[in-house]
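Here is the naming used below: chain letters follow the sequence lines, and residue numbers restart at 1 for every chain.
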2 protein chains.
Amino acid sequence: MVARRRPTMKDVAAHAKVSISTVSYVLNDSGPVAPERRNRVLDAIRLLDYSPNESARSLKRRSASTIAMVVPDLTNQFFAMVTEGVQRAASAVDVLVVLVVPDATEQPEENQAKLLRSQRVDGVIYLSGTGSMPAAIYDLARSGPVVLVDEQIPGRDLPAVVCDSRRGAREVAAHVLEQGHRRLAVIGGPPALWTAQQRLAGYREAFAGAGLDPDSVPVHTGDYRLESGAAAAAAILDGPADKQPTALLCANDLMAIGAMECLKARGLRVPEDISVVGFDDLPMSALLTPRLTSVRQPAHEMGYRAAKVLFDLLEGNDDDAGELLATVVQIRDSVCPPRENR
Amino acid sequence: MVARRRPTMKDVAAHAKVSISTVSYVLNDSGPVAPERRNRVLDAIRLLDYSPNESARSLKRRSASTIAMVVPDLTNQFFAMVTEGVQRAASAVDVLVVLVVPDATEQPEENQAKLLRSQRVDGVIYLSGTGSMPAAIYDLARSGPVVLVDEQIPGRDLPAVVCDSRRGAREVAAHVLEQGHRRLAVIGGPPALWTAQQRLAGYREAFAGAGLDPDSVPVHTGDYRLESGAAAAAAILDGPADKQPTALLCANDLMAIGAMECLKARGLRVPEDISVVGFDDLPMSALLTPRLTSVRQPAHEMGYRAAKVLFDLLEGNDDDAGELLATVVQIRDSVCPPRENR
DNA sequence: TTGTATGCGTTATCAC
DNA sequence: GTGATAACGCATACAA
């Protein structure tokens, strides 16, 4: 393979026997050019297999046509879907998406901030998964637009695209209550996370709506990961025998799955012995045994919208949007009436 | 937020009362500079919160410090893990990864080729998932380095990082045969895909090794997706009642899962009525009921290695590496001896 | 050791 | 309609 130099506009101009500016004009039709000469240019471009050097363009235009997507863990299908949504929106407008997966063992702050300042990306879409980045993030936001997905930072008002988690949580909880459950337990997410707070709030609304004292329902705190769900379930089962819950409300599917694993390991059946619901409706959740009742978030759509918001911001439109996307409860097999009602 | 112009080297130079080149020298320590002046520069940089414009750098250096990762579907956890591996390797050397998820509805060829030619990326890591891109890919390879992951193109010799699928397949199949199964059926992947061919070959080796005529084992062709596994299973069950298989060898987990769904829907139990094995060992596979016996591929490692190979190529080292990575069979609950041996 | 000047490939301004 | 030409921000050969 001969490592030949890529052709530049100059080469094209020479071949087409026109000036460089003319080539530029046809490339961006940013100026008038006689039909005949335009064709000569087009031909030369094809002939030389020319394509513009985007680095030079970026330099000139002061914009990289690139955004960054920060995501904690691609293996989580929910995050993967959000990311795909971002990708889709970006590629529709010819924008590149660079993937940033902060390594837990380093402190990403400086790196990410540097990335944005380096002008290699015009903006960033941020999904921390932990809710723990106020300082770093906010620094970022001073150098360029940042939009949050699936989370929100209480104090500061960064644009964010989120779901109505509270409503979704209220609805699944209501479903469980309708089945007759009265002794419940919640496995919640990281208290620092907005979504975790919202879901908890939603559960409590449902409790109150069903005449249950929200404060009477024990809340076990997890971290949205599978293992923490299992641990919480174990803690619950190890609690006083006389008030074992008949249903577990888990703030996400991963923890619900962990909880189910734990129950299974202890010989308990779901839902006959204990009902379980999750949140997120991961693709895999419908493949479990029993199929997990959950709340679907439009993950792909969230990513897509977030990207749109970012693009708006980049174009100067201060269209903060910010409506809550809708969730929908997926009723499946992991819930049934409690034993005493059967 | 005042949209102030980002500082340039010139500004730094002015503040530090040195020339532009001196600033450049300390930035890349590409030249000698007196300690005292170096400090002045460093201070100015900090003071102005300066960071170099990477577009300008790319233009000058003729390299973007960016690679592209082409992946068909992030929702597939195997692909997600490979991608994370790539990301990890890249961020270790300060290289950006742009994510390309070809939309099935467009023809990606031209777009991708253009991306590479535009010099926004220095190289590409390619994972088609379908094996169907000879032309487009090969075009790509003329404009810059391309390395394949988890696949290989028969005719042309592009660098590729793959696993020893054949061996893994041989080993699971052997495991199944050891359990006493003699009536088997294979649900294979897309015949165009190298991995599918390898796995099929591995199965056949095991058959032969167990004294079975490889040609006597029916092969149903799927496309590596869940639905196709279900369809294939349905086709098998609808076959002649007198030679129903006692075990299903599925060329990947997704199809195995689809098959299990189908079996379950028809009231068949796994593994009591029929054993099932997969390939890939997706994280979710160990969470199914029954837990799926599968072959683990070091997905993360594959991505990591692929990125390494690409970087070597970019630095001119023609280190094609190319050893096969090892797989390891994960024996779990979806296989048991056939009924007649119990 | 330091500074000046030129070029990287494009875009855009301004004469012609 | 068209074509010089000056930036864009940085790196570097070369002169001082």
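A rotation axis mapping the C1' atoms of four pairs onto the next four is fitted at both ends of the helix from C:dT1-D:dA16 to C:dC16-D:dG1 over five pairs, and the angle between these axes is 50° to 10 degrees.
Pairs engaging residues 7-27 of chain B under the salt bridge (Lys or Arg N to Asp or Glu O under 4.0 Å) rule: B:Arg5-B:Asp11 [sequence neighbours left out].
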Quick one: side chains of residues 59-73 of chain B, donor-acceptor pairs under 3.5 Å with protein atoms, not counting sequence neighbours, listed by atom name and distance.
residue, atom, partner, partner atom, Å
B:Thr66, OG1, A:Arg120, NH2, 3.4
B:Thr66, OG1, B:Ala64, O, 2.8
B:Asp73, OD1, B:Thr75, N, 2.9

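In the set D:dT2, D:dG3, C:dG3, D:dT2 carries the atom at the smallest distance from any side-chain atom of A:Val33.
Between B:Arg46 and B:Asp43 there is a salt bridge, since a side-chain N of the basic residue sits under 4.0 Å from a carboxylate O of the acidic one.
For B:Glu84 (side chain) and A:Leu74 (main-chain N/O), a donor-acceptor pair under 3.5 Å exists by modelled atom type. Although no hydrogens or angles enter the test, the distance criterion places no donor-acceptor pair under 3.5 Å between the side chain of A:Gln152 and the main chain of A:Val162. Not one N or O on the side chain of A:Glu151 forms a donor-acceptor pair closer than 3.5 Å with the backbone of A:Leu127. Using a distance-only test at 3.5 Å, with no hydrogens or angles considered, no donor-acceptor pair links the side chain of B:Gln297 to the main chain of B:Cys163.
If you check residues 36-49 of chain A against DNA chain D, the residues with a heavy atom closer than 4.0 Å are A:Arg37, listed by number.
The structure places CZ of A:Arg142 at 8.5 Å from CZ of A:Arg117, a figure rounded to the nearest 0.5 Å.
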Please evaluate residues B:Ser21 and B:Ser24 with respect to the criterion side chain to side chain donor-acceptor pair (under 3.5 Å), reporting the C-alpha separation (whole Å), side-chain torsions for both, the decisive distance (0.1 Å), and the verdict. CA-CA 5 Å; B:Ser21 28; B:Ser24 180; over 6 Å; no
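Atom CZ of A:Arg120 is separated from atom P of D:dC10 by 14 Å (rounded to the nearest Å).
Considering only residues two or more places apart in sequence or on other chains, A:Glu301 meets the side chain to side chain contact (heavy atoms under 4.5 Å, CB included) condition with A:Pro298, A:Arg305, A:Leu325.
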Protein heavy-atom contacts under 4.0 Å, written 5' to 3' over nucleotides 6-16 of chain C as B (base), S (sugar-phosphate only) or - (none), form the string -BBBBBBBB--
